[in-house]
Amino acid sequence: MKTILFALLSLVTLSANSQNPFVQTWFTSDPAPLVHGDRLYVYTGHDEDNADFFWMQEWRVYSTDDMVNWQDHGSPLALESFSWADDRAWASQCIERNGKFYWYICAHCRDSKGMAIGVAVSDTPTGPFKDAIGKPLYTDSKWDHIDPTVMIDDDGQAWIMWGNPRVYYAKLNKDMISIDGEVGQLYMTEEAFGSPAMNQRDKNKKYKDSYVEGPWLTKRNGTYQLLYAAGGVPEHISYSTAPSPTGPWTYAGVIMPLSDTKSFTNHCGVADFKGHSYFFYHTGKLPGGGGFGRSVAVEEFKYNPDGSFPTIQPTDEGVKPIAAFNPFRKVEAETMAFSKGIKTEQYEEGKKQQVYVSDINNGDYIKLQNVNWNNRTPRTFSARVASGLRGGEIELRLDSINGTLLGTLQVTGTGGWNNWKTVSATLSGINQSALSQNTYLYFVFKGRKGPKLFNFDWWEVK
């Protein structure tokens with residue numbers, strides 16, 4: 001049965017060019033980008049539908065090579081991955097070192113009764129991940145051990161920071177799964193973060209800013225930059241700079257001011273990818289969303305000549321594509337620029353987790369952006385599908401849900417929702433002039449109104 005989220009989505013008209021939030025199938029939060037090879041990966045939290053608090057159970061991964069079409073890699077890490085964790089799968093960050101991927105998370109610790117920092121490891125950026133040490137990397141009985149951020153310095157030293165409403169920091173050993181020395185705290189001063197620590201503030205004084213949570217540690221032109229959610233509730237994004245991770249830190253200003261993001265929290269990450277700089281954050285802008293139903297978004301920006309940040313405003317349009325999408329290959333159905341109505345799920349095939357599109361109903365769709373047909377005419381369309389009922393149809397259309405029809409694929413019942421079959425259709429009567437170099441490609445789903453129609457694993461045109 002459809003959730004309230006997608007029932008409301010059908011009542012909302014979104015711009016055909018909207019790219020933010022760039023994930024519509026689930027509520028996602030706290031984006032942490034990682035560039036590896038020719039892809040950019042974003043690790044997110046997952047806000048549950050209809051939540052009344054941050055009751056989060058898992059983390060998710062998405063990736064792109066063109067910044068507009070994102071592949072959903074499912075949830076390779078969850079609370080169940082950590083024997084010591086029992087609640088609150090909050091903000092995280094993944095980093096690569098020596099061919100291993102280390103995913104630093106925070107969660108509530110069953111033993112300490114406080115929040116804890118943990119670490120999982122994998123041989124690939126999309127998993128499978130497993131708890132690297134079988135216990136928290138750091139915990140005590142306090143609740144403020146949240147939102148870890150990690151960076152590897154130019155000299156090879158790895159640093160980790162976390163915390164709300166103060167910043168903890170530590171060196172990581174080269175194994176990336178143990179702390180070198182003691183855990184320290186950054187000094188909360190007006191000069192460093194816009195205001196002193198809460199218990200040291202003058203109630204009669206108006207401060208220019210304040211650190212809250214969600215640190216993101218990076219370095220540019222030899223200067224360390226610590227980005228963070230600031231100001232209280234609602235939050236904006238600010239940053240401070242320093243000559244070393246331990247300081248002294250100097251408040252540098254606001255990056256993303258308060259605006260109508262429909263979320264009282266924010267959480268950011270930055271990455272350079274293929275010659276472009278990107279700022280990731282979250283909003284509550286999906287229908288049915290809000291402070292406990294957040295959604296990741298991204299903006300492109302240019303650093304100031306001295307390496308400092310400009311002011312970055314949130315937009316619905318998001319970013320422009322930086323590469324063309326080639327349709328003449330096998331494409332995972334969970335790759336999309338925008339969608340309406342659908343969800344994604346995963347199942348285990350062999351020893352590998354497979355992600356597929358689910359909850360497909362009449363009138364739902366998937367959109368791909370910047371599709372380049374390269375002067376070729378598609379002749380056939382094939383898809384791997386499964387249906388426990390009577391199936392439905394997939395219409396291939398250009399530029400809109402009612403645009404030029406390339407062809408229709410008939411999907412019949414397969415005898416089960418995970419009983420997969422590959423079906424094909426001939427694409428005929430296509431006007432080559434309609435296949436401009438760069439188009440939108442829509443998969444429009446049709447069938448009986450009411451029950452879900454089928455599941456959709458991958459597709460291919462030839």
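This chain uses plain numbering: 1 for the first residue, then up along the sequence.
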Inset, instruction - Indicate yes or no: at least one non-hydrogen side-chain atom of Tyr169 is less than 4.5 angstrom from one of Leu217. - result: no
Legend entry - Thr64 side chain to Asp66 side chain, donor-acceptor N/O pair below 3.5 angstrom: yes
Inset, instruction - Check whether the side chains of His267 and Thr265 place a donor and an acceptor atom closer than 3.5 Å, and report yes or no. - result: no
Inset, instruction - Mind listing the closest non-hydrogen atom pair of Pro327 and Asn372 along with its distance? - result: CD-O, 3.3 Å
Legend entry - Main-chain N/O of Ser436 paired to Thr439 side chain as donor or acceptor, under 3.5 Å: no
Legend entry - Contact summary for Pro257 and Gln313, nearest pair of heavy atoms: CG-NE2, 3.8 Å
Inset, instruction - Compute whether any side-chain donor of one residue and acceptor of the other, for Thr261 and Ser263, lie under 3.5 angstrom apart. - result: no
Legend entry - Glu300/Lys320 salt bridge by N-O under 4.0 Å criterion: no
Inset, instruction - Taking the side chain as every heavy atom from C-beta outward, state whether Ser339 and Asp364 have any atom pair closer than 4.5 Å. - result: no
Inset, instruction - Looking only at non-hydrogen atoms, find the nearest pair between Pro33 and Leu40 and report the distance. - result: CB-CD2, 4.3 Å
Legend entry - Pair Tyr228 and Tyr239, ring centroids less than 6.0 Å apart: no
Inset, instruction - Output every pair passing salt bridge (charged side-chain N to carboxylate O under 4.0 Å, His left out) with a member in residues 269-288, not counting sequence neighbours, ordered by first then second residue. - result: Arg220-Asp272, Lys285-Asp316
Inset, instruction - May I ask you to decide whether Asp457 forms a salt bridge with Arg384, counting only side-chain N to carboxylate O separations under 4.0 Å? - result: yes
Legend entry - His73 side chain reached by Ser63 side chain, heavy atoms, under 4.5 Å: yes
Inset, instruction - Would you please indicate yes or no on a ring centroid separation below 6.0 angstrom for Phe22 and Trp70? - result: yes
Legend entry - Test item: Tyr365 and Arg397 side chains (from C-beta on) under 4.5 Å apart, heavy atoms: no
Inset, instruction - Give a yes or no on whether the backbone of Pro165 and the side-chain of Asp144 come within a donor-acceptor separation of less than 3.5 Å. - result: no
Inset, instruction - Give a yes or no on this: more than 12 heavy atoms of other residues, nucleotides or ligands lie within 6.0 Å of atom CG of Asn98. - result: no
Inset, instruction - Report yes or no: does Asn266 contribute a side-chain atom to a donor-acceptor pair with the main-chain N or O of Ile237 at less than 3.5 Å? - result: no
Inset, instruction - Could you pull out all residues at least two apart from Phe292 that satisfy ring-ring contact (aromatic ring centres under 6.0 Å, His included)? - result: Phe54, Phe264
Inset, instruction - Check Leu258 against Glu235 and note the closest heavy-atom contact, atom names and distance. - result: CD2-O, 3.3 Å
Inset, instruction - Over 60° means perpendicular and under 30° means parallel, so classify the ring planes of Trp459 and Phe443, tilted if in between. - result: tilted
Inset, instruction - For Trp59 and Leu79, work out which heavy atoms get closest and say how close. - result: CZ3-N, 4.0 Å
Inset, instruction - Identify the residue among Glu213, Gln93, His145 that makes a side-chain hydrogen bond (donor to acceptor under 3.5 Å, both in side chains) with Trp162. - result: His145
Legend entry - Contacts of Asp260 that satisfy side-chain contact (heavy atoms from CB on, under 4.5 Å) - sequence neighbours left out: Lys262
Inset, instruction - Decide yes or no for Leu186 and Phe193: does some side-chain heavy atom of the first lie under 4.5 Å from some side-chain heavy atom of the second? - result: yes
Inset, instruction - Flag yes if more than 12 heavy atoms outside Glu191 fall under 6.0 Å of its CD atom; otherwise flag no. - result: no
Inset, instruction - For the pair Asn370 (side chain) and Ala323 (backbone), establish whether a donor and an acceptor sit closer than 3.5 Å, ignoring hydrogens and angles. - result: yes
Legend entry - Under 3.5 Å donor-acceptor, Ser122 side chain and Thr124 backbone: yes
Legend entry - Between Thr315 and Glu299: side-chain donor-acceptor atoms closer than 3.5 Å: yes
Inset, instruction - Considering only NZ, NE, NH1 and NH2 on the basic side and carboxylate oxygens on the acidic side, decide whether Arg60 and Asp72 come within less than 4.0 Å. - result: yes
Legend entry - Spacing of Phe27 atom CZ and Asn50 atom CG [to the nearest 0.5 Å]: 7.5 Å
Inset, instruction - Measure the shortest side-chain to side-chain distance between Asn304 and Pro310 over non-hydrogen atoms and say whether it is less than 4.5 angstrom. - result: yes
Inset, instruction - Specify whether His36 and Tyr41 have parallel, tilted or perpendicular ring planes, treating 30° as the upper limit for parallel and 60° as the lower limit for perpendicular. - result: tilted
Legend entry - Heavy-atom closest pair, residues Ile146 and Trp90: CG2-CE3, 3.8 Å
Legend entry - Basic-acidic side-chain contact under 4.0 Å: Glu345, Lys343: no
Inset, instruction - Would you check if Pro21 and Thr28 make a side-chain contact, meaning some heavy-atom pair closer than 4.5 Å? - result: no
Inset, instruction - Ignoring hydrogens and angles, state whether a donor on the side chain of Ser308 or Asp306 is under 3.5 Å from an acceptor on the partner side chain. - result: yes
Legend entry - CG-NE2 distance between Leu77 and His46, expressed to the nearest 0.5 angstrom: 14.0 Å
Inset, instruction - Measure the OG1-CG distance between Thr344 and Asn455 for me, rounded to the nearest 0.5 Å. - result: 11.0 Å
Inset, instruction - Answer yes or no: is there a side-chain heavy-atom contact under 4.5 Å between Tyr281 and Ile312? - result: no
Inset, instruction - Please confirm whether the backbone N or O of Asn173 pairs with a side-chain atom of Asp180, one donor and one acceptor, at under 3.5 Å? - result: no
Inset, instruction - To the nearest 0.5 Å, tell me how far Phe328 CZ sits from Lys462 NZ. - result: 12.0 Å
Inset, instruction - Count the heavy atoms belonging to other residues, nucleotides or ligands that lie under 6.0 Å from OH of Tyr187, then report whether that count exceeds 12. - result: no
Inset, instruction - Look only at the side chain of Asn326 and the backbone of Arg329, and say whether a donor-acceptor pair between them is shorter than 3.5 Å. - result: no
